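None of the values given here were measured: they were computed from a predicted structure. Sequence lines set the chain letters: A, B, ... in the order given, protein chains first and strands last, and positions in each chain run from 1.
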Number of protein chains: 2
Amino acid sequence: MTSAPPSAGQVALLPARAPRGPGRPKDQRKRAAIVAAATGLFMERGYAEVTMEAVAAAARVSKMTVYGHFRDKAALFGAVVRGVSDQMTAALTGLPPAGAETDLETRLTAVGTALLGMILSPRVVAMSHALMGMLMKDRALAAAFYEAGPGNVRAVLARYLADAAAQGLLRLDAPQAAADDLLGLWEGDWPKRIALALVPAPSAGEIEARARRAVRVFLRAYRAA
Amino acid sequence: MTSAPPSAGQVALLPARAPRGPGRPKDQRKRAAIVAAATGLFMERGYAEVTMEAVAAAARVSKMTVYGHFRDKAALFGAVVRGVSDQMTAALTGLPPAGAETDLETRLTAVGTALLGMILSPRVVAMSHALMGMLMKDRALAAAFYEAGPGNVRAVLARYLADAAAQGLLRLDAPQAAADDLLGLWEGDWPKRIALALVPAPSAGEIEARARRAVRVFLRAYRAA
DNA sequence: CATATATTGGACGCGCTCGTATAGGAAACA
DNA sequence: TGTTTCCTATACGAGCGCGTCCAATATATG
C-alpha cells in the first residue's frame with residue numbers, strides 16, 4: 001500500500017530501561033530530535049506525505065538511526081501521538097485558577113482564551129486533523145488519545161463547572177453536557193475555517209474576544225437565577 | 001510523491017457541451033457512475049488510500065474510461081467535491097418550514113434533527129474529514145466548498161434566526177454569531193467521537209434528543225424576554 | 001455505409017517509498 | 001586498551017500506484 005494505515009505498534013517510551021548493556025548506549029537526544037522532527041512534519045503534512053528520509057533529514061540524523069530507534073513508520077507515529085497526548089494533558093492541568101476570588105465570567109474567559117490559544121493555532125489545527133486521519137484506523141490508539149486529549153479537556157472543564165455550580169454560581173443538570181456546550185460555543189466552526197485557511201491565524205485579541213463572547217452566551221443559559 | 005496533494009484541476013461539469021462532434025459521444029451515465037463510485041471510496045478511505053483502479057472497478061468501468069473522463073486523480077477528486085457541495089446545498093434549501101405557525105423550539109429542533117441526521121452519519125463524518133484533508137492544500141477549492149457546504153448552512157441558519165428575531169421571538173445582536181452558537185451546540189464534539197469510532201452511530205432518537213437539548217440551551221440564552 | 005470517437009483489457013514504464021544490507025568510523029563501557 | 005554497540009553513508013530490492021500505449025471492439029453521427 002502506498003500509505004498504509006498505521007497500526008501504530010507498541011510505543012517505545014523514553015526512559016524505558018537504563019542503558020545497562022556494555023558498549024555505546026543510544027543517544028536519547030537523537031531520539032528526542034527524531035520524535036520532534038516527526039511531530040512537526042506529521043503535524044503540517046499528514047502521515048502519508050511524510051517520508052522516513054524527510055524525518056531523518058529534519059532530525060539531522062541518518063535514516064538508519066531512525067530505524068534503530070523505531071521499528072517502522074507506524075511505531076514512530078505511535079511515539080508522536082503519545083508525546084502529543086502528554087503535552088496536552090500537561091498543558092491543561094496547570095491552567096485553571098481554581099480560586100473563586102475573581103468573577104466567574106472573568107475566570108472562564110481566561111480559561112477559554114488559554115484553551116483557544118492552543119487549539120486554534122494553525123499548526124495545531126493541521127496536526128489534530130492529520131492525527132485524526134490516522135487514528136480513525138486504530139480504535140485502541142484513538143481511544144487512548146481521546147482520553148488524554150479532548151476527553152481530558154472535557155472532563156477537567158466539567159469538574160470546573162460542577163464546582164461553580166456547587167458554589168451556587170451556575171444552575172446545571174449535567175456538568176458533562178454543559179462542558180460540551182461551552183466547548184462548542186468556544187470553538188464554533190473556527191477550526192474548520194482555520195484548517196481550510198479561509199481565515200488567517202487569529203490574533204490574541206480575536207481569541208480573547210471570542211472566548212469572552214462565548215462565555216457570555218453560556219452564562220445567559222446557565223447562570224443561576 | 002506517493003500521495004501528492006491534489007491541486008484538483010478544473011472540474012469538468014456534467015452538462016458542459018452538447019455532444020456536437022461526430023463519432024460516438026461519451027456515456028454520461030458512465031461518468032456519473034465513476035463520480036459516484038469515487039465519492040463513496042473517497043468518503044470512507046480518504047484520498048491517498050483510493051486507487052484509480054479501485055474507482056474503475058467500483059464503477060464497473062475500464063481504467064482507461066476513467067482517464068477518458070478525467071485528466072488525472074486530482075481532477076476526479078475535484079468533480080467529487082463539486083458534487084458533494086451541490087448535494088449539501090440542495091438538501092438544505094428544502095429543509096426549514098419557514099412558517100411561524102408552530103413553536104420556535106419545535107421548529108428549530110426539527111431543523112437540527114434533520115441537519116444532524118446528515119452530518120453525524122459515520123460515512124459523512126469520514127468523508128468530510130477526508131475532504132478537508134485534501135482541501136487544506138487547495139485554498140481556492142476549499143473556499144468554493146466551504147461556501148457551498150458549511151458556509152451555506154451557516155448563512156441559511158442565520159437568516160432563519162434573523163427572521164425569528166424580526167418576529168420578536170429572539171433577541172440577538174448578530175445573527176451570524178448566533179447561528180455559529182447554535183451549530184456549535186448542536187455538534188459539540190460528536191463529530192470527533194464518531195470519527196474516532198469511540199461511540200457507535202447515533203440512533204435517530206439520540207439525534208433528536210441532542211438537537212432538542214441544544215435548542216433548549218440556545219433559547220435560554222437567546223429567547224426574547 | 002463510412003467515419004470518428006468511446007470503451008475495453010492487458011501490459012508496461014516510471015517514479016517513489018519502505019525497509020534492509022553493508023562497511024567503516026565513532027563513542028561509551030570494562 | 002579491548003570490546004561492544006551505536007551512528008553514518010550509500011546502495012539496493014521489492015512493492016505499489018499513476019498514467020500511457022496499444023489493438024480490438026462497440027456505438028454514435030453524417
J.: Mind checking if Val50(A) touches a base, just sugar-phosphate, or nothing, with heavy atoms under 4.0 Å?
T.: sugar-phosphate
J.: Atom NZ of Lys73(B) to atom P of dT20(D): distance rounded to whole Å?
T.: 15 Å
J.: Roughly how many Å is it from CE in Met52(B) to C1' in dG10(C), rounded to a whole number?
T.: 18 Å
J.: Rounded to whole angstrom units, what separation is found between the CG atom of Asp27(A) and the C1' atom of dT8(D)?
T.: 14 Å
J.: Using OP1 and OP2 only, check whether a side-chain N or O of His69(A) sits under 4.0 Å from dC6(D).
T.: no
J.: Scan for ring pair (Phe, Tyr, Trp, His ring centres under 6.0 Å) pairs involving residues 110-141 of chain A, sequence neighbours excluded, and state none if there are none.
T.: His129(A)-His129(B)
J.: Rounded to whole Å, how long is the line connecting atom CG of Leu76(A) with atom P of dT17(C)?
T.: 16 Å
J.: Would you check, one step at a time, whether the test side-chain contact (heavy atoms from CB on, under 4.5 Å) holds for Asn152(A) with Glu147(A)?
T.: CA-CA 6 Å; Asn152(A) 186 50; Glu147(A) 293 305 324; over 6 Å; no
J.: Going through the checks in order, is the side-chain contact (heavy atoms from CB on, under 4.5 Å) test met by His69(A) and Thr65(A)?
T.: CA-CA 6 Å; His69(A) 284 277; Thr65(A) 302; 3.9 Å; yes
J.: List the residues meeting side chain to side chain contact (heavy atoms under 4.5 Å, CB included) with Ala162(A), not counting sequence neighbours, and say none if there are none.
T.: Pro175(A)
J.: Within the 4.5 Å heavy-atom criterion, are Leu76(A) and Met52(A) side-chain neighbours or not?
T.: yes
J.: Return the value, rounded to whole Å, for the distance between atom CD of Glu49(B) and atom C1' of dC16(D).
T.: 13 Å
J.: Please work out which residues in residues 60-68 of chain B have a non-hydrogen atom less than 4.0 Å from an atom of DNA chain C and list them by number.
T.: Val61(B), Ser62(B), Met64(B), Thr65(B)
J.: Glu53(B) has an atom CD; how far is it from atom C1' of dC18(D), in whole Å?
T.: 9 Å
J.: Flag this pair as yes if the NZ/CZ of Arg210(B) is under 6.0 angstrom from the six-membered ring centre of Trp186(B) and inside a 45 degree cone about the axis; otherwise no.
T.: no
J.: What residues, two or more places apart in sequence or in another chain, satisfy side chain to side chain contact (heavy atoms under 4.5 Å, CB included) together with Asp163(A)?
T.: none
J.: So, are Asp180(B) and Arg193(A) salt-bridged, with charged N and O less than 4.0 Å apart?
T.: yes
J.: Can you tabulate the close N/O pairs, meaning under 3.5 Å, that link protein atoms to atoms of nucleotides 2-5 of chain D?
T.:
none

J.: Name all residues meeting the ring pair (Phe, Tyr, Trp, His ring centres under 6.0 Å) criterion together with Phe42(B); count only those two or more places apart in sequence or in a different chain, and write none if there are none.
T.: Tyr47(B), Phe77(B)
J.: Within less than 4.0 Å of OP1 or OP2 of dC6(D), is there a side-chain N or O belonging to Lys30(A)?
T.: no
J.: Within this structure, what is the CD-to-C1' distance between Gln28(B) and dA28(D), rounded to whole angstrom?
T.: 13 Å
J.: Please give, in whole Å, the distance from dT27(D) P to Arg29(B) CZ?
T.: 11 Å
